[in-house]
2 protein chains.
Amino acid sequence: MMKLSTKGRYGARLMLDLAIHYDDGFVLLKDIAKRQDISEGYMEHLLPHLKAAGLINSLRGARGGYKLAKAPSEISLKEVVQSLEGPLTPAECVVAPSVCKRVSFCVTRDIWKEVGEKISQTLESVTLKDMVEMQKNKGKASLTYNI
Amino acid sequence: MMKLSTKGRYGARLMLDLAIHYDDGFVLLKDIAKRQDISEGYMEHLLPHLKAAGLINSLRGARGGYKLAKAPSEISLKEVVQSLEGPLTPAECVVAPSVCKRVSFCVTRDIWKEVGEKISQTLESVTLKDMVEMQKNKGKASLTYNI
DNA sequence: ATATTTCCTACTAATTTGATAGGAATAGTT
DNA sequence: AACTATTCCTATCAAATTAGTAGGAAATAT
Ligand code: FES
Ligand code: FES
């Protein structure tokens, strides 16, 4: 249905959480899971991908945890989603031409490619820092509403 | 993986095929299936959606078949994909807020919404007529190559 | 040593996707 | 009226993907 899987959605929230706590040193997965209300066990599966993509660092053992490998302003949402969901294209054959026999003359493929590029551009234009700012503003707004 | 399902992909090819044969009256599903190399039985499932969306007309019985309900220039790829895949948004909660408890303060949701709008815009800017033109140009190019 | 935490692997359950099958309803043709 | 060709409808099945759980090994600080 053209949906992101939970990998991408949970991953975005995970990274946003790490960005919010960027100055707090290593953050416990347990705490992220609690704050974001996501199963700790499931979220564990996301971390190797994020690490392989060079987006986070980890330390094990007591006092261990996770933290961003770069400043929030240096990490785009595109990197996050892509590391978890794979290529951001609506059709496999855009990135793996061998899966379709019709690649050489298929018009729809050209369009799927273009759509994928638009998605990439959009996600690339948003950094974790932007998201932290957005979150702060949201917090303010809801406080105002409560007065 | 942020992929379109075969519904959307096959549907786009089906509609392109109908657009190419727009002047030929009712077109047989059998012929579309043969030309596009898609299982006739499976493609059958797509047609009710396209019809419900007012994109095609059908006639049953002998000499029956399918044809576009509007001129190719009046049908955007967005309508086609949307009728088959549902809302063009990367996360369910954008369109059905009740599925997440965090809607009121969730930043990622705002972003998924924006991405969905970009996808919509891109698909909306392409009509079946555009696709037919693209196909013609492809045909020309490949002929040239063969000389 | 001990407690805490990441890391790794295997397994299971649930959902979605892709595909097939059989026949009812409809419309033209003879 | 009988016949043929086609859409239309529903049920079913198989395969693949996604979501989630479990158990324990490896590493690090105290
Ligand atoms: S959809 Fe893959 S080549 Fe057309
Ligand atoms: S992902 Fe649905 S509200 Fe955040």
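Note on naming: letters A, B, ... go to the chains in the order of the sequence lines (proteins, then strands), and numbering restarts at 1 for each one. Values below: every heavy atom of this structure, side chains too, minus hydrogens, waters and symmetry copies.
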Could you list the protein-to-nucleotides 28-30 of chain C atom pairs, N/O on both sides, closer than 3.5 Å?
none

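- Across the protein-nucleic acid pair, B:R13 atom CZ and C:dG18 atom P stand 13 Å apart, rounded to whole Å.
- Transitive grouping of hydrophobic side chains (ILVMFWY, heavy atoms separated by less than 4.5 Å) brings B:I20 and B:L47 into a common cluster.
- Hydrophobic cluster membership for A:F26: A:L59 (Ile, Leu, Val, Met, Phe, Trp, Tyr linked by side-chain heavy atoms under 4.5 Å, directly or transitively).
- Listed by first and then second residue, the side-chain hydrogen bond (donor to acceptor under 3.5 Å, both in side chains) pairs involving residues 44-55 of chain A are A:K51-A:S58 (not counting sequence neighbours).
- In this structure, B:L14 places its CG atom 15 Å from P of C:dG18, rounding to the nearest Å.
- With rounding to whole Å, B:N57 atom CG is found 14 Å from C:dA27 atom P.
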Polar atoms only, N or O, under 3.5 Å: list the protein pairs with nucleotides 13-15 of chain C and their distances.
none

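- B:E40 places no side-chain N or O within 3.5 Å of a backbone atom of B:L29 that could act as its donor or acceptor partner.
- Between A:S5 and D:dA19 there is a side-chain polar atom (N or O) within less than 4.0 angstrom of OP1 or OP2.
- Atom CG of A:L28 is separated from atom P of D:dT28 by 16 Å (rounded to the nearest Å).
- For A:E74 (side chain) and A:L128 (main-chain N/O), no donor-acceptor pair under 3.5 Å exists by modelled atom type.
- The residue A:Y10 sits close only to the backbone: its heavy atoms come under 4.0 Å of sugar-phosphate atoms, none of a base.
- For the pair B:N137 (side chain) and B:M134 (backbone), a donor-acceptor distance under 3.5 Å is absent.
- Here the P atom of nucleotide D:dT18 and the CD atom of B:E92 are 16 Å apart, to the nearest Å.
- Not counting sequence neighbours, the partners of A:K70 by the side chain to side chain donor-acceptor pair (under 3.5 Å) test are A:E79.
- Distance from the side chain of A:T6 is smallest to D:dA19 among C:dT5, D:dC8, D:dA19.
- Under 4.0 Å is where a charged nitrogen must lie from a carboxylate oxygen, and between A:K138 and B:D110 at least one such pair does.
- Summarising the local packing, CZ of A:R35 is surrounded by more than 12 heavy atoms from other residues, nucleotides or ligands at distances under 6.0 Å.
- We find the CD1-CZ distance between A:I111 and B:R9 to be 14.0 Å, quoted to the nearest 0.5 Å.
- Rounded to an integer number of Å, the gap from A:L29 CG to C:dC7 P is 10 Å.
- When all heavy atoms of A:T122 and B:E114 are compared, the closest pair comes out as CG2-OE2, 4.3 Å.
- Side-chain nitrogen and oxygen atoms of B:K7 include none within less than 4.0 Å of the OP1 or OP2 phosphate oxygen of C:dT17.
- Put simply, CZ on B:R9 is 12 Å from P on C:dT17, counting in whole angstrom units.
- OP1 and OP2 of C:dT5 both lie 4.0 Å or more from every side-chain N or O belonging to A:S58.
- Residues of residues 32-56 of chain A that place a heavy atom closer than 4.0 Å to DNA chain C, in numerical order, are A:E44, A:H45, A:K51.
- B:R109 places a side-chain N or O within 3.5 Å of a backbone atom of B:C93 that can act as its donor or acceptor partner.
- Computed from coordinates, the B:E85 CD to C:dG18 C1' distance equals 13 Å when rounded to whole Å.
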